[in-house]
Amino acid sequence: MADSAAVMPPEDTEGGPRKPFLDHLEDLRMALLKCVGVIFLALIVCLFVDNKLAALLEYPIRRMDLFNRAQPTVSLLIGSTRLGPYPVSRDQFPGLPPGDAPQMVFRLGTAQVGGEQVATLKPEPPAGPEALRVKLRNFNPAEGFTVAFHLALYASLVVSAPFWLYFLGQFILPALRVRERKFLFTWLGWGILLFLTGVLLTYFLLLPLALRASIEYSNLLGFDAYEWRADEYISFTCKFLLGMGLGFQFPLVVLTLVKIGILSYRQLAHFRRHVIVLSFILGAILTTPEVITQVAMAVPLCLLYESCIWLAWFWERKKRRAEAAAPA
């Protein structure tokens, strides 16, 4: 036991050997080349699954009616073209199957009746995912390529994140002491957890609300809002998700300032009103320009800041007790 304790490095020891400045630059160059290489490989892979990635980003459109009462819809098939779904009532379509909100698909065709061509509607079982209320369109020949590239690029940055973080860590960690490494790993873990929380909250809740609010505002102005440019929708969605993920890093910044002694529990409590205003400002910048999604983003940020206040109070209380229990 004594021998094993003797070989344990103290927490204040440096992580790696000292190197000349040019050697550090060479290490940085190699780390960046590895990062670029792994992102490029992920980009190539993502280009082959662009259709799956597009369906993933279309999911918030399918959930736009999250808090609305479901109603029957009818879709029309004309050849290989699908129109709808269109909201209907049972008075308009008495033949709808039982249920609160059946989703019917009819194939539009013709039949010869008494020497005349008569339009027919033949019910068909819904095949595949429900059609989108909002159609994503490309409006010029080049957009098909740019949309595919942007979508694959955003996805490659996410998919390759564990690898390029590892390569950057190989460059940074040797310069840190053991205690600094522990601190970095702890806050990196919390940062990833908060980032994923912000992204998932946005993906499943805030984005459907924002998209539905956009349509409602357009309808109030008398504009048709059911065809969107695909490239702009993908850019908006990815920036929205990234902005919320970064916004959820706010508690880490605050608690780091508390840990190094720049802020205290009383100062955090004093600035509570300022942070509430700042949260709504961030909500206005990072979301669509309407109240619902701004409030939906500001409230979690305010709750996270409130948790920082109580955690800072707990740390301060724990420190006072430790100082009181220490021998004089």
Side-chain angles (χ1 to χ4, degrees), residues 39 42-43 46-47 49-68 85 129-161 194-250 278-301:
I39 292 174
L43 175 65
C46 291
L47 284 173
V49 292
D50 260 344
N51 58 332
K52 304 294 183 183
L53 298 174
L56 192 66
L57 290 183
E58 289 173 351
Y59 179 75
I61 300 180
R62 303 182 191 278
R63 290 175 53 88
M64 285 194 302
D65 298 325
L66 180 62
F67 296 106
N68 291 355
E130 179 186 352
L132 297 178
R133 287 180 56 193
V134 175
K135 305 297 183 182
L136 301 180
R137 306 288 192 187
N138 290 327
F139 291 102
N140 64 60
E143 282 193 2
F145 301 101
T146 57
V147 168
F149 177 77
H150 288 164
L151 190 56
L153 179 62
Y154 292 138
S156 65
L157 293 174
V158 175
V159 171
S160 63
L194 288 173
F195 183 86
L196 292 178
T197 302
V199 168
L200 293 177
L201 177 66
T202 304
Y203 183 75
F204 289 106
L205 179 62
L206 295 185
L207 258 178
L209 287 176
L211 298 176
R212 178 56 187 265
S214 173
I215 290 179
E216 294 298 332
Y217 272 90
S218 295
N219 291 338
L220 286 176
L221 294 173
F223 299 141
D224 186 7
Y226 293 97
E227 288 194 3
W228 293 344
R229 189 183 293 271
D231 192 28
E232 293 180 357
Y233 170 76
I234 291 172
S235 297
F236 167 77
T237 302
C238 293
K239 291 176 182 177
F240 198 174
L241 293 171
L242 178 61
M244 279 296 293
L246 295 178
F248 268 57
Q249 304 302 305
F250 180 58
L278 178 62
S279 298
F280 279 93
I281 292 175
L282 289 176
I285 295 174
L286 297 177
T287 64
T288 54
E290 46 81 26
V291 177
I292 297 176
T293 49
Q294 293 175 10
V295 173
M297 178 179 179
V299 169
L301 293 179

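For this chain, numbers begin at 1 and follow the sequence in order.
Under the 3.5 Å distance criterion, the side-chain polar atoms of Thr202 are matched with a main-chain donor or acceptor of Gly198.
What you find for Leu47 and Ala148 is that their closest heavy atoms are CD2-O, 3.8 Å. Pairing each heavy atom of Phe248 with each of Leu201, the nearest pair is CZ-CD2, 3.9 Å. Here the closest heavy-atom approach between residue Val159 and residue Cys46 is recorded as CG2-SG, 4.4 Å. Closest heavy-atom contact between Cys238 and Leu57: SG-CD1, 4.2 Å.
Distance check, rounded to the nearest 0.5 Å: CG of Leu206 to CE of Met244 gives 5.0 Å. Summarising the geometry, atom CD belonging to Glu143 is positioned 8.0 Å from atom CD belonging to Glu232; distances are rounded to the nearest 0.5 Å. How far CZ of Phe236 is from CG of Leu207: 6.0 Å, rounded to the nearest 0.5 Å. For the atom pair CG of Leu151 and OG of Ser156, the computed distance is 10.0 Å after rounding to the nearest 0.5 Å. Thr146 contributes atom OG1, which lies 9.0 Å from atom CD1 of Ile234 (distance to the nearest 0.5 angstrom). How far OH of Tyr233 is from NZ of Lys135: 14.0 Å, rounded to the nearest 0.5 Å.
With contacts defined as side-chain heavy-atom distances shorter than 4.5 Å, the pair Ile61/Leu136 qualifies. In this structure, Asn140 and Arg229 have side chains that are in contact, with non-hydrogen atoms separated by less than 4.5 Å. Side-chain contact between Ser235 and Tyr154 is present, with at least one heavy-atom pair separated by less than 4.5 Å. Side-chain contact check for Leu211 versus Val134: every heavy-atom pair is 4.5 Å or farther apart. Two residues are said to be in side-chain contact when any heavy atoms from C-beta on lie closer than 4.5 Å; Phe149 and Asp50 fail this criterion.
The aromatic rings of Phe204 and Tyr59 stand perpendicular to each other, their planes meeting at an angle above 60°, with 30° marking the opposite boundary.
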- Item | Chi angles and distances behind the side-chain contact (heavy atoms from CB on, under 4.5 Å) call for Leu241, Phe195 | CA-CA 10 Å; Leu241 293 171; Phe195 183 86; over 6 Å; no
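In Phe145, the CZ atom is not crowded: 12 or fewer heavy atoms of neighbouring residues, nucleotides or ligands sit closer than 6.0 Å.
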